[in-house]
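Below is one structure, written out as structure tokens; comments come after it.
Values in this document were obtained by computation on a predicted structure and should not be read as measured data.
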Amino acid sequence: MKLAKVKLSDGSRRGAIVDDNSVRLLDFDQLENVRSLGDVLHAKDPAGLAKFLVDQAVQPVPLAQVTFLAPIDKQEVWAAGVTYKRSQIARMEESKSGASHYDKVYSAARPELFFKGTASRVSGPGEPVRVRADSNWSVPEPEFTLVLNPAMQIVGYTIGNDMSARDIEGENPLYLPQAKVYRQCCGLGPVILLATGELDLAATKIILTILRGGREVFHGETSLAQLNRKLPELAEWLAKENEFPTGAFLLTGTGIIPPDEFTLENGDSVAIEVAGIGTLANPVVKG
Ligand code: DO4
Ligand code: MG
């Protein structure tokens, strides 16, 4: 089952179950302790609760008549890094002084985990993602993203864009928070696929396409089979000595990095497709 937050043509915002061609709206006035999509995700049985909450007073709404919003409420957003060989190599190339850190963390037991942002810094589908005005080398990072409940169990999956300033990160690894966390630094959406059973890692393809003036300027593909960590392992490390009373999103790292001469420009569009989830598309702004 896929869940989402949508905006309707009258401007109202609702939780929804996403079907093939339409959405079924949820009514959050039915239960006192369920007021948001996050409350549904954090319930014992999110799929059963979502079905119970379907608003019987309204017909399913065709997909073309809704706008998908970022599927986040009050969760923190975190990210893992250097979890794919491609990322390890690119980071070692970009950071002359910090190369050995990236080399070591790729194979260390403890993964790199960093704070990526709050809901206020997240862009939903169609909303701009930002290149910092003080960066001349920035890229999108297309990342399979875990949705974690307060017990840090994986309850769903979505698509994340970990916008990154490679020049700032490369100048000095201590600049990582500035390279990674700023306004509109993260895209999330369009839907949350509820986690049920084992994922087919090889079939979970991740595709990044970047358009400039309507023309494709970059295309790259990978799959979860290339991820050098187990998904539950990343969630377990994040949970250590930490508390997430409102749950968390965890981006799991990028396996696709455009060539070194590529940087995003104002007006580009970024599309990230993940098999089984959908496509997260965002325009890029700079300045
Ligand atoms: O340490 C740099 C960040 C790595 C990252 O964001 C990634 O590999 O996706
Ligand atoms: Mg990343």
Side-chain angles (χ1 to χ4, degrees), residues 2-7 13 18 37-38 66-81 83 87 114-132 135 138-148 156-166 169 177 179-193 204-212 217-222 247-258 262-287:
K2 290 178 183 169
L3 299 177
K5 286 172 97 166
V6 297
K7 189 162 96 180
R13 288 156 189 259
V18 182
L37 181 62
V66 301
T67 304
F68 284 87
L69 304 170
I72 186 168
D73 290 298
K74 293 181 179 161
Q75 296 96 328
E76 290 177 0
V77 183
W78 287 69
T83 51
S87 181
F114 58 91
F115 181 73
K116 180 63 186 170
T118 46
S120 62
R121 294 183 175 88
V122 168
S123 300
E127 293 177 338
V129 287
R130 182 168 295 275
V131 169
R132 292 180 63 115
S135 167
S138 281
V139 292
E141 294 190 355
E143 307 195 7
F144 189 80
T145 299
L146 307 179
V147 184
L148 303 166
Y157 312 111
T158 189
I159 303 171
N161 179 354
D162 171 24
M163 292 288 288
S164 299
R166 292 190 68 187
E169 177 187 326
K180 293 289 194 176
V181 188
Y182 52 91
R183 59 188 171 133
Q184 297 173 312
C185 65
C186 181
L188 284 179
V191 303
I192 291 173
L193 173 69
T204 308
K205 297 243 182 292
I206 302 169
I207 302 172
L208 169 65
T209 309
I210 305 173
L211 301 181
R212 183 163 299 157
V217 287
F218 178 77
H219 178 99
E221 298 192 20
T222 189
F249 285 80
L250 176 56
L251 283 70
T252 60
T254 186
I256 305 172
I257 300 186
F262 181 88
T263 185
L264 281 173
E265 288 179 6
N266 187 47
D268 285 354
S269 17
V270 174
I272 303 169
E273 184 186 338
V274 175
I277 301 181
T279 302
L280 171 65
N282 298 92
V284 174
V285 289
K286 180 174 181 183

#### Entry: Asp73 to Ala119 - nearest heavy-atom pair and separation
O-CB, 3.3 Å
### Query
After noting the C-alpha distance and the side-chain angles of Leu37 and Leu3, does the key distance pass the side chain to side chain contact (heavy atoms under 4.5 Å, CB included) rule?
CA-CA 8 Å; Leu37 181 62; Leu3 299 177; 3.8 Å; yes
### Approximate separation, where rounding is to 0.5 Å, of Asn282 CG and Gln184 CD
9.5 Å
### Query
Can you tell me if Glu143 and Thr254 form a side-chain donor-acceptor pair at under 3.5 Å?
no
### Query
Is any side-chain heavy atom of Ile256 less than 4.5 Å from a side-chain heavy atom of Ile206?
yes
### Message
Applying ring-ring contact (aromatic ring centres under 6.0 Å, His included), can you list everything that pairs with Phe115, at least two apart in sequence or on another chain?
### Response
Trp78
### Task
Calculate, to the nearest 0.5 Å, the distance between atoms CG and CG belonging to Asn161 and Leu280 respectively.
6.5 Å
### Task
State which residues pass ring-ring contact (aromatic ring centres under 6.0 Å, His included) with Phe249; sequence neighbours excluded, sorted by chain then number.
none
### Query
Who are the side-chain contact (heavy atoms from CB on, under 4.5 Å) partners of Ala70, not counting sequence neighbours?
Ile72, Val122
### Non-hydrogen side-chain atoms of Leu250 and Leu148 separated by less than 4.5 Å
yes
#### Entry: Distance (rounded to the nearest 0.5 Å) between Leu69 CG and Glu127 CD
7.0 Å
### Task
Step by step, work out the side chain to side chain contact (heavy atoms under 4.5 Å, CB included) result for Leu251 and Phe114.
CA-CA 10 Å; Leu251 283 70; Phe114 58 91; over 6 Å; no
### Taking every non-hydrogen atom, the tightest pair across Gly253 and Thr83
CA-OG1, 3.4 Å
### Query
Can Ser87 and Ile257 be said to form a side chain to side chain contact (heavy atoms under 4.5 Å, CB included), step by step?
CA-CA 7 Å; Ser87 181; Ile257 300 186; 4.2 Å; yes
### Query
Charged N to carboxylate O under 4.0 angstrom, Arg212 versus Glu265?
yes
### Query
When you check the side-chain N and O atoms of Ser164 and Lys180, is any donor under 3.5 Å from an acceptor?
yes
#### Entry: Interatomic spacing from CZ in Arg121 to CE in Met163 - rounded to 0.5 Å
15.0 Å
### Message
Run Thr209 and Phe218 through side chain to side chain contact (heavy atoms under 4.5 Å, CB included) and show every step you take.
### Response
CA-CA 6 Å; Thr209 309; Phe218 178 77; over 6 Å; no
### Query
Could you give the distance from CG (Asp268) to CG (Leu211), rounded to the nearest 0.5 Å?
8.5 Å
### Query
How many angstroms lie between atom OG1 of Thr158 and atom CG of Leu193, to the nearest 0.5 angstrom?
9.0 Å
